Amino acid sequence: MAVKVDLSAITRPAVLSAIEEFDALGQEEFLRTRSYAEARNFRLVYRGRFYDSKAIAGVAHGYATGHFCDSSEFSGGLATVSDCLTALGFVVDHGGKHARGGLLWDLETTQVFKMGGRSAAYKFVVLLWAVKGADRHLGLVRFSDARKELAALLAPFAVAKSAPNPADPWVALRGSGWWELEVPSGIDPAEASHQELSALAVRQDLRAGLAGVVQCKLQDAVWREEAEAVLLRRIATLSSPARAYDLMKSLGSSANLGAGVLGGGEDAGT
């Protein structure tokens, strides 16, 4: 019979030690060495990176107590690992019962526009802009009110010879759980082409913005910081750390965020 492990013995420093081991070994070797399976729905998020939460908790228990838990000794659900890690000030991303992940993991699996072998960070630039401006942009925003600012933010991330059209990510994000696009009655967004919706965004000044569920989650300062970190890392991966760092500064993100996600403070922009 499996021993019931007391996860309350886990400390924040022990979790950070487990994360450090994970980073040093890489996910595959970490899970193999510690005999854990890859997470399906619950993932610890730290500095914008994802970690298998049950494995981290089991290894953290070892660092805290000397007993490195076997994966069969405890469950990895909401009432166990998630509650434990959340109480220690971490974010655990998860979705519904049959989901593969929550809102933050959705960012990791979001499809992006590609051209000439290059992937565009446009969606993530717009989302980071929206997250950073969530306190001043209450509700949906008219495209005309965001167009000029977004054009300037998107320009350094162009993957084509011409500058990015802000209307493209404005409507392309409509399939994301992060975004709401207000479409006029009589228009079926599932039937309309991307080009038609993009033109419509300009012609009829379509309103869009962060989904209500995201707005609610952003009220949690820790979750908000991790959301920004995931977006910043995705942007850096698709473009470059230097461009991501410049964007971060222009949007007023903290230097600490840049240091944690991009691997250095001012040096991250060089």
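What you are looking at is a predicted structure, and each value in this text was computed from that prediction instead of being measured. Hydrogens, waters and symmetry mates are skipped; everything else that's a heavy atom, side chains included, is used.
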* Can you check whether I56 reaches Y46 side chain to side chain, under 4.5 Å on heavy atoms? -> no
* Asked: Do E108 and R233 pass the salt bridge (charged side-chain N to carboxylate O under 4.0 Å, His left out) test, and can you show the C-alpha distance, the side-chain angles, and the key distance before you say yes or no?
  -> CA-CA 10 Å; E108 196 72 5; R233 179 181 55 78; 2.6 Å; yes
* Asked: Is it the case that more than 12 heavy atoms not belonging to R12 sit under 6.0 Å from its CZ atom?
  -> yes
* Asked: Got V230 and D93 here, is their nearest side-chain heavy-atom distance under 4.5 Å?
  -> no
* Asked: Can you list the residues that meet the side chain to side chain donor-acceptor pair (under 3.5 Å) rule with W129, with sequence neighbours excluded?
  -> E149
* Asked: Which residues satisfy the salt bridge (Lys or Arg N to Asp or Glu O under 4.0 Å) test with R243, sequence neighbours excluded?
  -> none
* Asked: About how many Å separate CG of D145 and CZ of R207, when rounded to the nearest 0.5 Å?
  -> 10.5 Å
* Asked: Under 4.5 Å between side-chain heavy atoms, hopping through other hydrophobics if needed: is there a path connecting L173 to V112?
  -> yes
* To do: Report the residues that fulfil side-chain contact (heavy atoms from CB on, under 4.5 Å) with D70, sequence neighbours left out, ordered by chain and then residue number.
  => S72, E73
* **NZ on K132 to CG on L153, rounded to 0.5 Å** => 12.5 Å
* Asked: If you draw a 6.0 Å radius around CZ in R174, do more than 12 non-hydrogen atoms from other residues or ligands fall strictly inside?
  -> yes
* **Side chain proximity check, P169 to F113, heavy atoms < 4.5 angstrom** => no
* To do: Please list, chain by chain and in numerical order, all residues satisfying side-chain contact (heavy atoms from CB on, under 4.5 Å) with A55, sequence neighbours excluded.
  => F30, L31, Y36, D52
* CD/E226 to CZ/R47 distance, rounded to the nearest 0.5 angstrom? -> 9.5 Å
* Indicate the atoms forming the closest heavy-atom contact of S198 with D168, along with that distance. => OG-OD1, 3.1 Å
* Asked: Of all heavy-atom pairs between V126 and W179, which one has the smallest distance, and what is that distance?
  -> CG1-CH2, 3.8 Å
* **side chain to side chain donor-acceptor pair (under 3.5 Å) involving D23 - partner list, sequence neighbours excluded** => Y51
* **Counterpart residues, salt bridge (Lys or Arg N to Asp or Glu O under 4.0 Å), relative to R142 (two or more places apart)** => none
* **Value rounded to 0.5 Å, distance of CG in L7 from CG in L85** => 8.5 Å
* Could you give the distance from CG (L103) to OG (S176), rounded to the nearest 0.5 Å? -> 8.0 Å
* Calculate, to the nearest 0.5 Å, the distance between atoms CG and CZ belonging to L25 and R32 respectively. => 9.0 Å
With a 3.5 Å cut-off and sequence neighbours excluded, list the donor-acceptor pairs that the side chains of residues 157-164 form with protein atoms.
none

* To do: For S82, enumerate each residue passing the side-chain contact (heavy atoms from CB on, under 4.5 Å) test, keeping only those at least two apart in sequence or located in another chain.
  => F42, L78, T86, V92, H94
* Asked: Taking side chain as C-beta onward, heavy atoms only, is V91 less than 4.5 Å from D220?
  -> no
* Asked: Quick one: are T110 and L127 in side-chain contact, heavy atoms under 4.5 Å?
  -> no
* **Partners passing salt bridge (Lys or Arg N to Asp or Glu O under 4.0 Å) against R34 (at least two apart in sequence or in another chain)** => E21
* Asked: Side-chain contact, heavy-atom cut-off 4.5 Å: E182 with Q204?
  -> no
* salt bridge (Lys or Arg N to Asp or Glu O under 4.0 Å) involving E38 - partner list, sequence neighbours excluded -> none
* Side-chain contact test, heavy atoms from C-beta onward, threshold under 4.5 Å: evaluate it for W105 versus V45 and give yes or no. => no
* Residues two or more places apart in sequence or in another chain: which of them pass side-chain contact (heavy atoms from CB on, under 4.5 Å) with E20? -> none
* **4.5 Å side-chain heavy-atom contact, L104 and F50** => yes
* To do: Tell me, please, which residues at least two apart from W178 pass ring pair (Phe, Tyr, Trp, His ring centres under 6.0 Å).
  => W223
* Heavy-atom pair with the smallest gap, counting every atom of L200 and L206 -> O-CG, 3.7 Å
